[in-house]
There are 2 protein chains.
Amino acid sequence: MPSRDQSVTTIQRELTAFARRARAAAARMHPELSLVSFTLLSHMEDQQGCRATDLAAYYMLDKSTISRQIAALEKLGFIERRTDPADHRIQLLHLTAAGTEKLAEAAVLRRHAFHERLADWEEGDLERFAAYLLRYNSTAPDGS
Amino acid sequence: MPSRDQSVTTIQRELTAFARRARAAAARMHPELSLVSFTLLSHMEDQQGCRATDLAAYYMLDKSTISRQIAALEKLGFIERRTDPADHRIQLLHLTAAGTEKLAEAAVLRRHAFHERLADWEEGDLERFAAYLLRYNSTAPDGS
DNA sequence: CCACGGGCGTTGTATTATGCAACTAGCCAG
DNA sequence: CTGGCTAGTTGCATAATACAACGCCCGTGG
């Protein structure tokens, strides 16, 4: 019965509903690390040596926003900037030990919450859901 | 190869990434109607006569935030409040004709964007994705 | 070698969303 | 009627964000 239109509507509605909650949930789980901070930190962990510009592009945030987030994370001692020796304009971002640890802490809390929430999901469904999200996010992340 | 843990991690990561973008995308598509406004309006259309408290609970927003959003939407002429005759504390929220129209406009833009983005998805995948999101959001929306 | 255009990042400024706390008004049970 | 509860509003503070102007460094073309 769900038409293509209806599926699309549901997807946008539910994704949006999720978005509304994510921040609050993050704030509850790890007040020390906002959702944005957590996400950026997480990204940096995966992409050791990424640039601020990369983050800005990926998350559709202004470079100034990223700059401030990075400054805050550095002040907290969670990341360090290493100027690219080959191009002094560029800062390569790396997690510090403290950052890795902090991220792990938050991740544990988040994972716990998500696991609880997804406890009764079959593994196959989880995989498919994850795959859909990846696929969704991989398409046209720009704002053309 | 994706373990349960990994799927869960991916889900949170990708949902979060989506969340980061949704607002910016909404701002681009319909600057008149923020993502929150759109979502609330959309909710009100489905649940004619819902209360502010319902919205606050569903979207995990403070009642004051909802109150202000509602005030703004009313000022724009998109909704009207009808005091519940049975309980004068309660305001039942209804879309006006203008609100319905505005919402439809925004919905068209959004649907267009989403459709473009999801153009190459098979209908079955869309349905499953939508179902997963619904299922996800339906579980434990509270913050216990 | 030097100047210019462009990319990367920072800082100043303003806006906006949001939460918390205090408050008002209306309901209901004792 | 009074106390306690619920719905919603408002004052206040904060945090996230965008935009614009700027500084720094790169490479290229004269």
Side-chain angles (χ1 to χ4, degrees), chain A residues 16 19-41 44 49-76 79-94 143, chain B residues 16 19-28 30-41 44 47 49-76 79-94 143:
Chain A
T16 301
R20 287 287 76 239
R21 293 176 178 147
R23 248 183 50 190
R28 274 198 332 270
M29 279 188 279
H30 40 73
E32 297 282 319
L33 221 50
S34 78
L35 179 59
V36 176
S37 300
F38 173 83
T39 305
L40 296 181
L41 218 50
M44 288 183 240
C50 72
R51 300 171 304 165
T53 303
D54 299 337
L55 296 171
Y58 192 83
Y59 295 104
M60 283 187 69
L61 289 168
D62 192 79
K63 54 186 178 169
S64 67
T65 301
I66 298 290
S67 174
R68 283 183 240 270
Q69 293 280 348
I70 287 174
L73 289 173
E74 188 191 29
K75 197 168 186 178
L76 289 168
I79 62 171
E80 61 182 20
R81 330 188 196 201
R82 305 184 195 154
T83 302
D84 184 341
D87 185 341
H88 284 201
R89 290 171 302 184
I90 295 173
Q91 298 174 354
L92 302 174
L93 304 170
H94 292 266
Chain B
T16 302
R20 287 287 76 238
R21 294 177 178 146
R23 248 183 50 190
R28 274 199 331 273
H30 39 73
E32 296 282 318
L33 222 50
S34 78
L35 179 60
V36 177
S37 300
F38 174 82
T39 306
L40 296 181
L41 218 50
M44 287 183 239
Q47 308 274 319
C50 73
R51 299 172 305 166
T53 303
D54 299 337
L55 296 172
Y58 192 82
Y59 295 104
M60 283 186 69
L61 289 168
D62 192 78
K63 54 186 179 169
S64 66
T65 300
I66 298 289
S67 174
R68 284 181 241 270
Q69 292 279 350
I70 287 174
L73 289 173
E74 188 191 29
K75 198 168 187 179
L76 289 168
I79 62 170
E80 60 181 20
R81 330 187 196 202
R82 305 183 193 154
T83 302
D84 185 340
D87 185 340
H88 284 202
R89 290 172 302 184
I90 295 172
Q91 301 173 351
L92 302 175
L93 305 171
H94 293 266

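Proteins come first, then strands; the chains are lettered A, B, ... in the order of their sequence lines, and each starts at number 1. All values below were derived from every heavy atom in this structure, side-chain atoms included, with hydrogens, water molecules and symmetry-related copies excluded.
Each of C:dG9, D:dT17, D:dG8 was ranked by its minimum atom distance to the side chain of A:Ile90; first place goes to C:dG9. Which of C:dT10, D:dA16, D:dT9 sits closest to the side chain of A:Gln91 comes down to C:dT10.
For the pair B:Glu74 CD and D:dT10 P, the computed distance is 11 Å after rounding to whole Å. Taking atom CD1 of residue B:Ile66 and atom P of nucleotide D:dT6, one finds them 19 Å apart after rounding to whole Å. For the pair B:Arg82 CZ and D:dA7 C1', the interatomic distance rounds to 19 Å; values are reported in whole Å. Atom CG in A:Leu93 sits about 13 Å away from atom P in C:dC8, given to the nearest Å. When the P atom of C:dA17 is taken as reference, atom OH of B:Tyr59 falls 17 Å away, rounded to whole Å. The distance between atom CD of B:Gln69 and atom P of C:dG19, rounded to the nearest whole Å, is 10 Å. When the P atom of D:dA15 is taken as reference, atom CZ of A:Phe38 falls 21 Å away, rounded to whole Å. Counting to the nearest Å, the P atom of C:dC8 and the CZ atom of A:Arg81 are 16 Å from each other.
From one end of the helix from C:dC1-D:dG30 to C:dG30-D:dC1 to the other, with five pairs defining each end axis, the axis direction shifts by 10° (rounded to 10°).
The side chain to side chain donor-acceptor pair (under 3.5 Å) test applied to B:Thr65 returns no partner, not counting sequence neighbours. Among residues two or more places apart in sequence or in another chain, the side chain to side chain donor-acceptor pair (under 3.5 Å) test is passed with A:Asp87 by A:Arg89. Shown here are the side-chain contact (heavy atoms from CB on, under 4.5 Å) partners of B:Gln47, two or more places apart in sequence or in another chain: B:His43, B:Cys50.
Across A:Ile90 and A:Leu92, no two heavy atoms sit closer than the pair CG2-CD2, 3.8 Å. A:Ala52 and A:Leu93 get closest at one heavy-atom pair: N-CD1, 4.0 Å.
Atom CD of residue A:Gln69 and atom CG of residue A:Leu55 lie 10.0 Å apart, to the nearest 0.5 angstrom. Here A:Ile79 contributes atom CD1 and A:Ile70 contributes atom CD1; the two are 5.5 Å apart, rounded to the nearest 0.5 Å.
In this structure, the side chains of A:Leu33 and A:Leu73 come closer than 4.5 Å at one or more pairs of heavy atoms.
Sequence neighbours left out, the pairs with a member in residues 50-69 of chain A that pass salt bridge (charged side-chain N to carboxylate O under 4.0 Å, His left out) are A:Arg51-A:Asp54.
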(request) Starting at the 5' end of nucleotides 19-27 of chain D, put B wherever the base has a protein heavy atom under 4.0 Å, S where only the sugar-phosphate does, and a dash everywhere else. (result) BB----BS-
